[in-house]
Undergrad: 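Would you mind keeping the following structure in view while I ask a few things?
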Number of protein chains: 2
Amino acid sequence: MRLTTKGRYAVTAMLDLALHAERGPISLADISKRQDISLSYLEQLFSRLRQSGLVSSVRGPGGGYRLARANADICVAEIIDAVNESVDATSCGGNSDCSAGEQCLTHYLWTDLSRQIHGFLNGISLADMVERADVQEVARRQDGRAASDALDQVVEQKVAIIGGLQ
Amino acid sequence: MRLTTKGRYAVTAMLDLALHAERGPISLADISKRQDISLSYLEQLFSRLRQSGLVSSVRGPGGGYRLARANADICVAEIIDAVNESVDATSCGGNSDCSAGEQCLTHYLWTDLSRQIHGFLNGISLADMVERADVQEVARRQDGRAASDALDQVVEQKVAIIGGLQ
DNA sequence: AAATACCCGACTGGTTTACTCGGCTATATA
DNA sequence: TATATAGCCGAGTAAACCAGTCGGGTATTT
């Protein structure tokens, strides 16, 4: 079992997608800025998310990614699974051949733990997360920062143009 | 968050200790054979388990390891923690500085998950496991195999001695 | 004296993570 | 039609970690 930045990034990016769904396709560059995740790394993750049928893509200017299903139909467990991070806590993958071909002493413990974790992550959908007050608050903060950053960039560009004219 | 062979070995070895406690100190060589775990690797794990005060050691022939506390006072979470595998699912360790110094979108999700896992593994003691029927069955099988292996070894030694006499 | 068994540090091959880089293709807009 | 946008793809890489080996200790019993 493993849960690293990879799986966390994937869930965060998918939630970002869900939060901004009404804007149409969302570019990875936007997600990269808002969530502070490397763009190239996001590309790799979305390659897998697309292969797993969780998102669909639109190419060209104005393009980006969209959720392939409804918010409520995508759960956290699926997302983590899509980027190849297993939530299974057993070493044998449930085959009971963990110790010299036979079931190990602690087999049932890891099976129970896996069930526990899977149950928890399976029970939480993107829709559930979008509705949460704390998520909405963080999203508002991030959107605000993104907007002011965009403004800064416009100002910077104009200054550069003026500089060029002189 | 990470749960690998390391943590699983540690829990398995501790349970083995609990199951054979009445025999006095248990040598790592015994655990190694019964549980099919590399002896040198077990030594590394027990170094940590001893530092964490979960086991005490007896040196010299007939020596080995003993649980430092009662079965019921040692829970799985502690053991995993002792060998440095964290059950924490957040990237920030609960500091809420996960995304550019601020709380990330999915912070609460990983906090909840951590609580969930920790609660589960904290609620299971070695005593709980020892009492389980499936654990007892596996233990019986392992003890039987260990006994027959020991017998095989004695026979082998005697054959070697006879061979030497000829 | 010899055997047992804990103790300790160093080292190693393999895998994974979390990236970067360079170049490609599809599409919208000027 | 040119250009910019943005998805797509493969290769490469430093660092970390896992699982294990090896060699040499030291304490204790027989």
Side-chain angles (χ1 to χ4, degrees), chain A residues 1-13 17 20 23-33 35-52 54-66 68 80 83-86 91 98-99 104 150 153 157, chain B residues 1-13 17 20 23-33 35-52 54-66 68 80 83-86 91 98-99 104 150 153 157:
Chain A
M1 185 182 64
R2 213 178 311 126
L3 180 59
T4 64
T5 306
K6 197 167 154 191
R8 282 190 294 258
Y9 277 177
V11 175
T12 302
L17 228 54
H20 302 97
R23 299 191 192 172
I26 305 296
S27 73
L28 293 189
D30 283 2
I31 300 179
S32 169
K33 274 180 224 141
Q35 306 305 334
D36 199 36
I37 303 174
S38 141
L39 177 57
S40 302
Y41 199 38
L42 272 178
E43 286 182 343
Q44 285 176 45
L45 298 180
F46 272 79
S47 166
R48 289 182 183 273
L49 293 172
R50 198 171 54 97
Q51 281 166 39
S52 301
L54 292 177
V55 297
S56 62
S57 64
V58 180
R59 301 182 71 159
Y65 286 93
R66 250 193 273 265
I80 293 176
V83 294
N84 254 11
E85 290 210 309
S86 130
S91 60
C98 5
S99 176
C104 71
Q153 224 184 336
Q157 279 173 358
Chain B
M1 186 183 60
R2 214 178 311 125
L3 180 60
T4 64
T5 306
K6 197 165 149 193
R8 283 191 293 260
Y9 278 177
V11 176
T12 302
L17 228 53
H20 300 97
R23 298 190 192 173
I26 305 295
S27 74
L28 294 188
D30 283 1
I31 300 180
S32 170
K33 275 180 225 144
Q35 306 304 334
D36 199 36
I37 303 172
S38 140
L39 177 58
S40 301
Y41 200 38
L42 272 178
E43 285 182 344
Q44 283 178 50
L45 299 179
F46 272 79
S47 166
R48 288 183 184 272
L49 293 172
R50 197 171 55 97
Q51 279 166 40
S52 300
L54 292 177
V55 298
S56 62
S57 64
V58 179
R59 303 182 71 160
Y65 286 93
R66 248 193 277 265
I80 293 175
V83 294
N84 255 13
E85 290 209 310
S86 124
S91 60
C98 4
S99 177
C104 71
Q153 223 184 339
Q157 278 173 357

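From a predicted model like this one, the values you see are computed outputs, not experimental measurements.
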Undergrad: Check every strand shown and say whether B:I26 touches a base, only sugar-phosphate, or nothing at a heavy-atom separation below 4.0 Å.
TA: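 Sugar-phosphate contact only.
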Undergrad: What is the distance, rounded to the nearest whole Å, between atom CG of B:L49 and atom C1' of C:dC6?
TA: 14 Å
Undergrad: Given atom CG of A:L42 and atom P of C:dC19, what is their separation to the nearest angstrom?
TA: 10 Å
Undergrad: Quick one: the side chain of B:Q44 and the base of D:dT21, do they pair up donor-acceptor inside 3.5 Å?
TA: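 When only heavy-atom distances are counted, B:Q44 does reach the base of D:dT21 through a donor-acceptor pair under 3.5 Å.
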Undergrad: For A:N84 and for A:P61, locate the closest nucleotide of DNA chain C by heavy-atom distance; then report the residue assigned to the nucleotide nearer the 5' terminus.
TA: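 It is A:N84 whose nearest nucleotide is closer to the 5' end.
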Undergrad: Using every non-hydrogen atom in the two residues, find where B:G24 and B:R66 come nearest and quote the distance to one decimal.
TA: CA-NH1, 4.0 Å
Undergrad: Does any donor-acceptor pair link the side chain of B:E43 with the base of C:dC7 at a separation under 3.5 Å?
TA: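 Side chain to base: pair found, below 3.5 Å.
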Undergrad: So, for A:S57 and A:R50, which heavy atoms are closest and what is the spacing to 0.1 Å?
TA: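 Closest heavy-atom pair between A:S57 and A:R50: OG-CD, 3.8 Å.
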Undergrad: D:dC17 C1' sits how many Å from A:E85 CD, rounded?
TA: 15 Å
Undergrad: So, is B:S40 close to the D:dC22 phosphate, meaning a side-chain N or O under 4.0 Å from OP1 or OP2?
TA: no
Undergrad: Let me spell it out: for each of B:L39 and A:G62, pick the nucleotide of DNA chain C with the closest heavy atom. Which residue's pick is nearer the 5' end?
TA: B:L39
Undergrad: Give one of base, sugar-phosphate or nothing for B:S27, where a contact means two heavy atoms less than 4.0 Å apart.
TA: sugar-phosphate
Undergrad: Give a yes/no on whether any side-chain N or O of B:R50 is located under 4.0 angstrom from OP1 or OP2 of C:dC8.
TA: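 For C:dC8, OP1/OP2 do have a side-chain N/O of B:R50 under 4.0 Å.
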Undergrad: With a 3.5 Å cut-off and no angle check, do the side chains of A:Q51 and A:S47 form a donor-acceptor pair?
TA: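 There is such a pair between these side chains.
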Undergrad: Indicate, yes or no, whether a donor-acceptor pair under 3.5 Å links the base of C:dT25 to the side chain of A:R59.
TA: yes
Undergrad: Please confirm whether the shortest side-chain N or O distance from A:Y65 to OP1 or OP2 of D:dA6 is below 4.0 Å.
TA: no
